[in-house]
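Please read these numbers as outputs of a predicted model, since none were measured by experiment. We count residues from 1, following the sequence as given. Quick note: numbers below take in every heavy atom, side chains included, and nothing from hydrogens, waters or symmetry partners.
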Amino acid sequence: MSAILAALSSDPNLLRCELHRLTRQVVLRPEPRANALGVGSYAQEEVLLRRLAPDRDITLEDLGPPHESEAVLFHAGRLPLGLSPEENTQPFRARHWLFAHQGPLPDFEPLRAPLLSRVPEHLLRQVRGPTDSEILFALFLTRLRELGRTDDPRLEPGVAGRVLRDMVREVEAALVQAGQVRTPPLNLVATNGTVLLATRRGEAPLYYTRLEGSVECAHCGVDATTPETHPEVSAHRRRRTVVVASHVTRTQGWVELPQGMTLVVGADLQVQHLQPA
């Protein structure tokens, strides 16, 4: 099973600090043989994707964006022999959207053609690899396009969450029609840098937590002795971040997303739960 870590923060300057606060709380590489490790972040209007070397240990420091960024999305998975890491490493990107799937889906091949028939031609051309995860992303983008909201900077978090939830329902219906009876692994996370979405389907857990402001930051060298007049103090006190993780070292301080639930977080970092439709 692959691993996902995502964060949406109120202060793009302090996202590295927020990742540092997760030290010893999350597991980035539960599968030692994971050979496709990628991280996406934002730099103003640009979306940045980086592939991380699979032959060394990965730390939270490696996930830190090279520029100011409100959001980060990391995925670590194992690609079968013969699949190119250049084309198949998650997260996937389209316009301002980043997307990751904690999979893979079993017995997916019979569903490929029926699901791809739902995707318009210009989005089909963006599907570069054969993975089920990229097809799920194409279905998500298709539903956003049908609403005319793919690039809408004012996209409401609840609307985006319902798009993700309903796409999962569509895939589940196709799986049932194909004769699958077990709930498939459909843990998905998506962000456009303004909203953060996560949905949990299947046996694998998905957790989230909200980091509140604190004047202490080991990463920046700010602690209780730092003068109140120091500009870093007020910035660290105001910061807030919502984090989604598939693998945590302990559940204390984390909320396990209930089965079938979709987590929706907007720029105000208020957390909403969308019930299964």
(request) With the side chain counted from C-beta on, respond yes when Pro85 and Asn35 share a heavy-atom pair under 4.5 Å apart, and no when they do not. (result)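 A side-chain contact under 4.5 Å is absent here.
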(message) Is there a path of hydrophobic side-chain contacts, each under 4.5 Å between heavy atoms of I/L/V/M/F/W/Y residues, joining Leu98 to Leu60?
(response)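 Looking at the clustering, Leu98 is in a separate group from Leu60.
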(request) Taking atom CZ of Arg95 as the centre, report whether more than 12 heavy atoms of other residues, nucleotides or ligands fall under 6.0 Å from it. (result)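 Open: at most 12 neighbouring heavy atoms sit under 6.0 Å from CZ of Arg95.
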(request) State, with a plain yes or no, whether a side-chain heavy atom of Val39 is found less than 4.5 Å away from one of Val72. (result)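 Val39 reaches Val72 side chain to side chain.
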(request) Using modelled atom types only, decide if a donor and an acceptor are shared between the side chain of Thr262 and the backbone of Gly161 within a distance under 3.5 Å. (result)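 Judged by distance alone, no pair lies under 3.5 Å.
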(message) Let's go through Tyr208 and His273 carefully: what are the C-alpha distance in whole Å and the side-chain angles of both, what is the deciding distance for ring-ring contact (aromatic ring centres under 6.0 Å, His included) to 0.1 Å, and is it a yes or a no?
(response) CA-CA 12 Å; Tyr208 71 92; His273 286 176; 5.6 Å; yes
(request) Can you establish whether the number of heavy atoms outside Gln44 located under 6.0 Å from its atom CD is more than 12? (result)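 It does not: Gln44 CD has 12 such atoms or fewer within range.
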(request) Find the distance between CG (Leu141) and CG (Leu123) and round it off to the nearest 0.5 Å. (result)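 One finds 5.5 Å between CG of Leu141 and CG of Leu123.
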(message) Keeping Arg50 on the side-chain end and Asp62 on the backbone end, is there a donor-acceptor pair under 3.5 Å?
(response)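 Side chain of Arg50 to backbone of Asp62, a donor-acceptor pair under 3.5 Å: yes, one is there.
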(message) Could you tell me if Gln90 and Ser133 have a donor-acceptor pair between their side chains, going purely by distance under 3.5 Å?
(response)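 There is such a pair between these side chains.
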(message) In the structure I gave you, are the side-chain heavy atoms of Gln25 and Trp254 within less than 4.5 Å of one another anywhere?
(response)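 They are in side-chain contact.
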(request) Flag yes if more than 12 heavy atoms outside Gln259 fall under 6.0 Å of its CD atom; otherwise flag no. (result)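 Yes - once you tally the heavy atoms of other residues, nucleotides and ligands closer than 6.0 Å, there are more than 12.
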(request) Could you tell me whether Glu109 and Arg112 have a side-chain N and a carboxylate O separated by less than 4.0 Å? (result)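 Arg112 and Glu109: salt-bridged.
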(request) Taking His96 for its side chain and Glu45 for its backbone only, find out whether a donor-acceptor pair lies under 3.5 Å. (result)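 At least one qualifying donor-acceptor pair exists.
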(message) Any non-hydrogen side-chain atom of His20 less than 4.5 Å from a side-chain atom of Cys217?
(response)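 In short, these two side chains do not touch, never coming nearer than 4.5 Å.
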(message) I want to check something: taking the side chain as every heavy atom from C-beta on, are Val265 and Val244 in contact at a cut-off of under 4.5 Å?
(response)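 SC-SC contact between Val265 and Val244 ruled out.
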(request) Answer yes or no: does atom CD of Glu146 have more than 12 heavy-atom neighbours from other residues, nucleotides or ligands under 6.0 Å? (result)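 Yes, CD of Glu146 has more than 12 neighbouring heavy atoms, counting only those of other groups under 6.0 Å.
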(request) Give a yes or no on this: more than 12 heavy atoms of other residues, nucleotides or ligands lie within 6.0 Å of atom CG of Asp57. (result)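 Atom CG in Asp57 is not packed in, count stays at 12 or less.
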(message) So if I apply the side-chain contact (heavy atoms from CB on, under 4.5 Å) rule between Asn187 and each of Glu203, His101, Gln102, which one comes out positive?
(response)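 Checked Glu203, His101, Gln102 against Asn187; only one passes side-chain contact (heavy atoms from CB on, under 4.5 Å): Gln102.
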(request) State yes or no: do Trp97 and Val168 share one hydrophobic cluster built from I, L, V, M, F, W and Y residues joined by side-chain heavy-atom distances below 4.5 Å, directly or via other members? (result)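 In one cluster: yes.
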(message) Can you confirm whether Tyr42 sits close enough to Thr194 that some side-chain heavy atom of one is under 4.5 Å from a side-chain heavy atom of the other?
(response)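 When only atoms from C-beta onward are counted, Thr194 and Tyr42 do not touch, as no gap falls below 4.5 Å.
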(request) Answer whether the closest heavy-atom distance between the side chains of Pro65 and Arg16 falls below 4.5 Å. (result)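 The answer is yes; the side chains approach within 4.5 Å.
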(message) Do Gln177 and Pro114 make a side-chain contact, defined as non-hydrogen atoms from C-beta onward lying under 4.5 Å apart?
(response)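 In short, these two side chains do not touch, never coming nearer than 4.5 Å.
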(message) Assess whether a salt bridge exists between Glu18 and Arg21, defined as any Lys/Arg side-chain N lying under 4.0 Å from an Asp/Glu carboxylate O.
(response)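 A salt bridge links Glu18 with Arg21.
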(message) Can you confirm whether Glu86 is buried at CD, in the sense that more than 12 heavy atoms of other residues, nucleotides or ligands lie under 6.0 Å from that atom?
(response)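 More than 12 heavy atoms, drawn from other residues, nucleotides or ligands, come within 6.0 Å of this atom.
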